[in-house]
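The next block holds one structure in the form of structure tokens; read it before the comments.
This is a predicted model, so every value here is computed, not measured.
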Amino acid sequence: MNINSFQQDLITWFKAEKRDLPWRKDQDPYKVWVSEIMLQQTRVDTVIPYFQRFIEQFPTIQALSEADEEIVLKAWEGLGYYSRVRNLQSAVKEVHEKYEGKVPNNQKEISSLKGVGPYTAGAILSIAYGVPEPAVDGNVMRVLSRILSIWGDIAKPSTRKIFEEAVRQLISHDNPSYFNQALMELGALICTPTSPSCLLCPVREHCDAFNEGTQNELPVKTKNKKNRHVRIAAAVLTDKDGRILIHKRPNTGLLANLWEFLNVEVMLPFEHEKDQLKNAFKIDYDADVQIDEMIGQIEHIFSHLTWNINAYKGSIQSIEKETEELKFVTISEIEQYAFSVSHQKILKKYKESFT
DNA sequence: TACTCGTGGAG
DNA sequence: TCTCCAAGAGT
């Protein structure tokens, strides 16, 4: 491997072929940061509209640090992995207060921020500040596993260190930003997971896998296991004025701090499902409710589990325990609250039940 | 280390 | 339909 030649071929290709993406218009560390958080495990095409709206709504560190969390979560609604945005706002507040609103430009301080792991730290340092740090994501592991013929299982966390060390050997100190971005861009456009376009690859002459014909066997990645299924019964409950009862989920775990319709995990046979719903609301909130007809059956697939939701409509006669987590809202007010996609599906079924 | 944590798109 | 995924981090 001629490292200088590799760097030059890679960066020259990137300059010519890089996509015109909204977060590439400048090197504002805040915008680089937001884009890197959004792009975690999320496709570019999905992120683009979210990024544009988010930056318009929260243009600066100060704007995001002063925003209401409800508003911030609403801006993230539908993007998934919601702890990302709560960690982001928490970290932005720390930067605002502790670093005078300036994103740290060194490994130690930036890595201490919530939600900033080894990849994101390297990405911000290299792209926004030109620091020659590795930014090893799934693209980089796939690309380098082929170029360097590395057969370690990239599904194992410990394998990432091998690639970080490889990047430290290869990275251009002249242009760390373009080098890191080019590796990722190559993975996205040319060196794809299946059927890589080796004949179009600017660095194929440096690639061990291409020379040995093993590009379809790399990277090595063990399979993930099956989802478990969870039965959920949910109810859209209205009071005598037609307002809908919604519930705020706890601040940890799945879909933390998002709003939802009242629901329970069902353990009993189907014929006892409605009774279990009614009893759960009595126990949890000392509420007397009536469950009416089913409005829809919804399958919602998460990365690690599946919800099989039976959704009902019903009414609420009385409720004794008024808590912060419970709220009555009108059908028009409901859109101000951030819901998971699964409960947006329930709302859709509810609206359709009147047509 | 292995598991949790979302979503919508591609093959 | 089913599987795998896409610029990972927290626990």
Give [X] one of three labels, base, sugar-phosphate or nothing, depending on what nucleic acid heavy atoms sit under 4.0 Å from its own.
{"X": "Ser195(A)", "value": "nothing"}
{"X": "Lys226(A)", "value": "nothing"}
{"X": "Ser303(A)", "value": "base"}
{"X": "Thr120(A)", "value": "sugar-phosphate"}
{"X": "Ser340(A)", "value": "sugar-phosphate"}
{"X": "Val44(A)", "value": "base"}
{"X": "Ile37(A)", "value": "nothing"}
{"X": "Arg24(A)", "value": "base"}
{"X": "Trp23(A)", "value": "base"}
{"X": "Gly78(A)", "value": "sugar-phosphate"}
{"X": "Leu305(A)", "value": "nothing"}

Can you see if the side chain of [X] gets near the phosphate of [N] - specifically, an N or O under 4.0 Å from OP1 or OP2?
{"X": "Tyr82(A)", "N": "dT7(B)", "value": "yes"}
{"X": "Thr46(A)", "N": "dA6(C)", "value": "no"}
{"X": "Lys221(A)", "N": "dC5(C)", "value": "yes"}
{"X": "His300(A)", "N": "dT7(B)", "value": "yes"}
{"X": "His304(A)", "N": "dC5(B)", "value": "yes"}

So does Tyr81(A) reach the base of dG6(B) with its side chain, donor to acceptor, closer than 3.5 Å? yes
For the base of dG6(B), is there a side-chain donor-acceptor partner from Ser342(A) under 3.5 Å away? no
Which of parallel (below 30°), tilted (30 to 60°) and perpendicular (above 60°) describes His343(A) and Trp307(A)? perpendicular
Which of the following nucleotides, dG6(B), dA6(C), dG10(C), is nearest to the side chain of Arg142(A)?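 In terms of side-chain proximity for Arg142(A), the closest of dG6(B), dA6(C), dG10(C) is dA6(C).
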Residue of the set Tyr337(A), Phe339(A), Tyr350(A) for which ring pair (Phe, Tyr, Trp, His ring centres under 6.0 Å) holds with Phe261(A):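 Only match with Phe261(A) under ring pair (Phe, Tyr, Trp, His ring centres under 6.0 Å): Phe339(A).
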Rounded P spacing from dG6(B) to dT11(C) in Å: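 The same atom, P, in both gives a distance of 14 Å.
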Distance between the C1' atoms of dG10(C) and dT1(B), in whole angstroms?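 After rounding to an integer number of Å, I get 13 Å for this pair.
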Residues Gln40(A) and Tyr119(A): side-chain donor-acceptor under 3.5 angstrom: no
Glu185(A) pairs by salt bridge (Lys or Arg N to Asp or Glu O under 4.0 Å) with which of Lys18(A), Arg19(A), Lys15(A)?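 Testing each of Lys18(A), Arg19(A), Lys15(A) against Glu185(A), the sole residue satisfying salt bridge (Lys or Arg N to Asp or Glu O under 4.0 Å) is Arg19(A).
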same_hphob_cluster(Leu186(A), Phe179(A)) at 4.5 Å side-chain heavy-atom cutoff: yes
